[in-house]
Protein chains: 2
Amino acid sequence: MNEKLVEINKMLVEVYDDVNLIEEYSIKQGTFSDLSITEIHTIEAIGLYGAKTMSEASMELGITMGTLTIAVDKLIKKGYLERSRSNSDRRIVNVNLTNRGKLAYRIHEKFHLDMVKAIMLDFTLQEEEALLRALSKLNKHLKDIYLGSDR
Amino acid sequence: MNEKLVEINKMLVEVYDDVNLIEEYSIKQGTFSDLSITEIHTIEAIGLYGAKTMSEASMELGITMGTLTIAVDKLIKKGYLERSRSNSDRRIVNVNLTNRGKLAYRIHEKFHLDMVKAIMLDFTLQEEEALLRALSKLNKHLKDIYLGSDR
DNA sequence: CCTTTATATTTTGATTATCAAAATATTTGT
DNA sequence: ACAAATATTTTGATAATCAAAATATAAAGG
C-alpha cells in the first residue's frame with residue numbers, strides 16, 4: 001500500500017530531475033547556447049503574440065519586477081527582446097520578442113514536443129489516455145490542495 | 001494526434017512548476033525554515049545511513065566539489081552536517097547528517113509522501129497502476145534517450 | 001489646476017548557488 | 001624518495017534572486 005506511494009514519489013522526483021538535466025543539456029547544445037534555462041522561461045513568458053507588460057510577465061514567472069528588469073536588459077542586449085513604453089500610460093513598459101526571440105521560442109517548444117513524442121512512441125493508445133488522465137488529475141490536485149485552486 | 005502531445009507536454013510543465021512552488025512553500029512554512037531547497041537536496045544526497053565522501057555527494061547532486069564545499073560549510077554551521085577525515089586516506093572527507101540533519105531528512109521525506117498520498121486519494125486502483133506504469137516508462141525513456149541509460 | 005496619493009518600473013545593495021582554475025594535502029607508483 | 005595522480009578547498013567570477021529606496025507618471029480631490 002505505502003509501497004506504491006514510495007514508488008510513485010520516487011518516479012516523480014526522478015522525472016523531475018531528468019527533465020531539468022535534459023533541458024539544460026539541450027540548450028547548451030542547440031542553436032541558442034547563449035541562453036540559460038531561466039532566460040528561455042522569460043522568453044516563454046513574453047510569448048509569441050504581442051507584448052506583455054513588466055507586471056504581467058513578472059507575475060507569470062513568479063519573480064519580482066526588479067529581477068525581471070535585469071533579465072530583460074540582458075535579453076535585449078542579446079537581441080531576443082524589445083522594450084517600449086505604452087502611449088496611453090507612460091508608466092507601463094511593454095516587452096515583446098524580436099524575430100530572434102520568436103525563433104528561440106519555437107525551437108524550444110519543438111524540443112519539448114519532440115521529447116514527449118519520443119517518449120510516447122511505444123505507448124499504446126490506452127496508456128496514452130491513462131497518462132493524460134492521471135496527469136490532469138495530478139495537476140488539478142496539486143493546484144487545489146497546495147496552491148489554492150485559483151492562481 | 002499532435003493535440004494529445006501538446007496536452008501531455010503542457011501537463012508535465014505545469015506539474016513541474018507546481019511541485020517546485022509547493023516544495024519551496026512547504027519549506028518556508030515548516031520546522032526547518034532556515035533551509036533552502038538546495039540545502040534540503042544536499043541533506044538528501046548525504047542520506048541517513050553512514051557518511052558520504054565529497055566526491056560521492058557532489059557527483060550525486062551534479063555539482064562541483066567547490067560548490068559543495070561551500071554548501072557543506074554552511075550546513076555544518078547550521079548544525080545539520082558533520083565533517084570528518086577518513087583514517088585510511090587522509091585526503092578523503094566524509095560528511096554525515098547530525099541528528100538534526102536526520103530529522104530534517106525525515107520530515108522532508110514525509111512531506112513528499114503526504115503530498116503523493118493526498119493526490120492519490122481518489123485515484124482508483126487502475127488509475128494508480130496506470131500512473132505508475134506510465135511514470136516508469138517515462139522515466140526509463142528519459143534516461144535512455146537523453147541521458148544515455150547509464151548514470 | 002495644484003497637491004497628494006497611487007501605480008509601474010528601475011535602481012541599489014545584498015545574498016545564494018554556481019563554475020573553472022589555482023592551490024593544498026595526501027597517496028601511489030616506480 | 002620523487003613524480004604523478006587523487007581528493008578537496010580556495011579564489012575569483014557570474015547569474016538569479018529579493019526587499020527596499022528611488023523615479024516617473026497617472027489619477028483623484030479639493
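To find a chain, count down the sequence lines: A is the first, B the second, and so on, and within it residues start at 1.
When the side-chain nitrogen and oxygen atoms of A:Ser36 are compared with OP1 and OP2 of D:dA16, one or more of them lie within a distance under 4.0 Å. Proximity of A:Thr64 to the phosphate of D:dT17: no side-chain N or O atom is located under 4.0 Å from OP1 or OP2. OP1 or OP2 of C:dA17 has not a single side-chain nitrogen or oxygen of B:Thr67 nearer than 4.0 Å. Of the side-chain N and O atoms in B:Arg85, none sit less than 4.0 angstrom from OP1 or OP2 of C:dA25.
The CG atom of A:Leu35 sits 10 Å away from the P atom of D:dA16 (whole-angstrom rounding). The distance between atom CZ of B:Arg90 and atom P of D:dT9, rounded to the nearest whole Å, is 13 Å. Put simply, NZ on B:Lys78 is 11 Å from C1' on C:dT15, counting in whole angstrom units. Distance B:Ile37 CD1 to D:dA16 C1': 14 Å, rounded to the nearest Å. Straight-line distance from the CG atom of B:Asp73 to the P atom of D:dT11: 12 Å, rounded to whole Å. Rounding to whole angstrom units, CG of residue B:Leu68 and P of C:dT18 are separated by 10 Å. To the nearest angstrom, P of D:dA15 lies 11 Å from CD1 of A:Ile70. Computed from coordinates, the B:His41 NE2 to C:dT16 P distance equals 18 Å when rounded to whole Å.
Closest to the A:Lys74 side chain, of the nucleotides D:dA26, D:dC18, D:dA16, is D:dA16. Relative to the side chain of B:Arg91, the nucleotides C:dT26, C:dT10, C:dT18 differ in distance, and C:dT26 lies closest. Distance from the side chain of A:Asp89 is smallest to D:dT25 among D:dT25, D:dT9, C:dT18. Of the candidates C:dT11, D:dC18, D:dT25, the closest approach to any side-chain atom of A:Thr69 belongs to C:dT11. Across D:dA16, C:dA25, D:dT17, the shortest atom-to-atom separation from the side chain of A:Ile63 is found for D:dT17. Of all nucleotides listed (C:dC19, D:dT17, D:dA7), D:dA7 comes nearest to the side chain of B:Met65. Which of D:dC18, C:dA8, C:dT18 sits closest to the side chain of A:Ile92 comes down to C:dA8.
Looking at A:Thr53, its side chain never comes within 3.5 Å of a backbone N or O of A:Val93 through a donor-acceptor pair.
The residue A:Thr38 sits close only to the backbone: its heavy atoms come under 4.0 Å of sugar-phosphate atoms, none of a base. At the heavy-atom level, B:Met54 lies under 4.0 Å from the strands shown only through sugar-phosphate atoms.
Note on ring orientation: taking the six-membered ring where Trp is involved, the planes of B:His141 and A:Phe123 are perpendicular (angle over 60°, cut-offs 30° and 60°).
The pair B:Asp144-B:Lys140 meets the salt-bridge criterion, since a charged nitrogen lies less than 4.0 angstrom from a carboxylate oxygen.
Every residue two or more places apart in sequence or in another chain was checked for a ring pair (Phe, Tyr, Trp, His ring centres under 6.0 Å) with A:Tyr105, and none qualifies.
The same ILVMFWY cluster, assembled from side-chain heavy atoms under 4.5 Å apart, contains both A:Leu81 and A:Ile63.
When only modelled atom types and interatomic distance are considered, B:Tyr80 and B:Asp34 share a side-chain donor-acceptor pair under 3.5 Å.
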